Amino acid sequence: MSDATLHSTTQDPDDFAVQIADQVESFIVAVSEVAKGDEPDSAVPFLLLEVSQLLLAGGRLGAHEDILPDERYEPDLGPEPDVDDLRERFAVMLEPIDVYSEVFDPYEPRKAPVPCRISDDLADIVADLRHGMAHYRAGRTTEALWWWQFSYFSNWGSTASAALRALQSLVAHVRLDQPLPALDGLDTDQDLGEDALAEEAGKVMAEELGALGMRPVADPA
């Protein structure tokens, strides 16, 4: 049997749940701390590291066989925690570099890129993860894993992947001392095709990003 065997056949399900929950909670806590703005010089590389680590958990969920909830209908969790404050803090912190260009589905031919925001991405990811964490903390482990797996495929997986590409591009442009084409002045409610995006894109030089998190952070591993 290959090393790619699904987790359910090689690992105690409870251990798997604990490990995924730990990675999810670590991401939520870390991103919430970054949003406070206490260390803006390391924000972007730190976010790059955290999103990368979260996507490892997502990959494990994606490789796992389908997880089915214990109940037919999802239990009511009550009001969802508000993520608007998190979204707004990141929008201010990342303002010159927040908007980027993304193609939602690389397998759809000739699909024009659309403007997205890293701040929106991070807030949406946290909202999805918190939803599952509420199930986990209530003792509904299977429900939590089902939600994290389902929302990985339907939302936060692609959102985190897009944010990771944007963050990696930011760090790469600065480290390679290259000018950074940015969606300067675009808004995410605009429906723009590829030509319009290219026409509207401004130039943000690497030195302008010095206060926005370009200081390397040590890998905790």
Side-chain angles (χ1 to χ4, degrees), residues 23-24 26-58 81-106 112-130 151-152 154-176 178-192 197-198 200-217:
Q23 288 179 286
V24 165
S26 175
F27 178 83
I28 295 172
V29 171
V31 168
S32 298
E33 285 298 313
V34 175
K36 293 178 181 179
D38 294 336
E39 297 187 29
D41 288 349
S42 60
V44 169
F46 195 84
L47 289 171
L48 174 67
L49 180 62
E50 290 300 320
V51 175
S52 298
Q53 292 176 334
L54 176 66
L55 281 169
L56 173 59
D82 188 11
V83 294
D84 284 346
D85 180 65
L86 187 76
R87 189 191 315 275
E88 291 167 5
R89 285 176 179 270
F90 276 122
V92 172
M93 182 186 303
L94 304 173
E95 192 275 329
I97 53 172
D98 195 17
V99 179
Y100 67 96
S101 177
E102 169 62 8
V103 176
F104 285 120
D105 190 340
V114 296
C116 298
R117 291 183 181 273
I118 298 174
S119 56
D120 288 341
D121 293 345
L122 295 171
D124 290 347
I125 294 166
V126 168
D128 273 346
L129 298 180
R130 281 179 176 171
S151 57
Y152 168 74
S154 63
N155 187 44
W156 73 261
S158 58
T159 301
S161 297
L164 180 66
R165 288 194 296 275
L167 292 165
Q168 190 274 339
S169 179
L170 285 171
V171 174
H173 276 285
V174 172
R175 298 290 172 81
L176 297 175
Q178 296 175 345
L180 178 68
L183 300 180
D184 187 20
L186 294 183
D187 199 352
T188 50
D189 61 2
Q190 292 178 268
D191 183 15
L192 298 175
L197 286 173
E200 295 290 338
K203 291 288 187 179
V204 178
M205 302 301 291
E207 56 265 27
E208 293 178 321
L209 303 179
L212 290 169
M214 292 295 101
R215 190 180 70 213
V217 295

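Only this structure's heavy atoms are used, side chains among them; waters, hydrogens and symmetry mates stay out. The structure displayed is predicted, hence computed values, not measured ones.
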Worksheet, complete the sentence: Taking every heavy atom of Ala91 against every heavy atom of Ser119, the minimum-distance pair comes out as N-CB, 3.5 Å

Worksheet item: Out of curiosity, Asp124 CG to Thr159 OG1, how far, rounded to the nearest 0.5 Å?
Response: 6.0 Å

Discussion item. Side chains of Arg117 and Arg87, heavy atoms from C-beta outward: is any pair under 4.5 Å?
Written reply: no

Item to complete: Just jot down the salt bridge (charged side-chain N to carboxylate O under 4.0 Å, His left out) partners of Glu88, sequence neighbours excluded, or say none.
Response: none

Worksheet item: Nearest heavy-atom pair of Phe46 and Ala30: which atoms, and what distance?
Response: CE2-CB, 3.9 Å

Response to the item:
Distance col, row Leu170:CG vs Gln168:CD, nearest 0.5 angstrom, shows 9.0 Å

Practice prompt. Look up atom CG in Leu47 and atom CZ in Phe27, then write down how far apart they are to the nearest 0.5 Å.
Written response: 7.5 Å

Discussion item. Quick check: closest heavy atoms across Arg130 and Asp82, and the distance to 0.1 Å?
Written reply: NH1-O, 3.7 Å

Worksheet entry | Least distance between heavy atoms, Leu55 atom then Ala160 atom | CD2-CB, 3.8 Å

Worksheet item: Is a side-chain donor or acceptor of Ser161 paired with a backbone partner of Gly157 at a separation under 3.5 angstrom?
Response: yes

Worksheet entry | 4.5 Å side-chain heavy-atom contact, Val31 and Leu54 | no

Practice prompt. Decide yes or no for Leu94 and Val44: does some side-chain heavy atom of the first lie under 4.5 Å from some side-chain heavy atom of the second?
Written response: yes

Worksheet item: Heavy-atom distance under 4.5 Å between the side chains of Phe90 and Asp121, does that happen here?
Response: no

Worksheet item: Any side-chain heavy-atom pair from Ser52 and Leu48 closer than 4.5 angstrom?
Response: yes

Response to the item:
Heavy atoms of Leu86 and Ser32 approach each other most closely as CD1-CA, 4.1 Å

Worksheet item: Would you say the side chain of Glu50 lies within less than 4.5 Å of the side chain of Val34, judging by non-hydrogen atoms?
Response: no

Worksheet item: Listed by chain and number, what are the side-chain contact (heavy atoms from CB on, under 4.5 Å) partners of Ser151, not counting sequence neighbours?
Response: Asp128, Trp147, Ser154, Trp156

Response to the item:
Closest non-hydrogen atoms of Gln23 and Gln53, given as atom of the first, atom of the second and distance, are NE2-O, 3.8 Å

Worksheet entry | Close side-chain approach of Val51 and Leu122, heavy atoms under 4.5 Å | yes

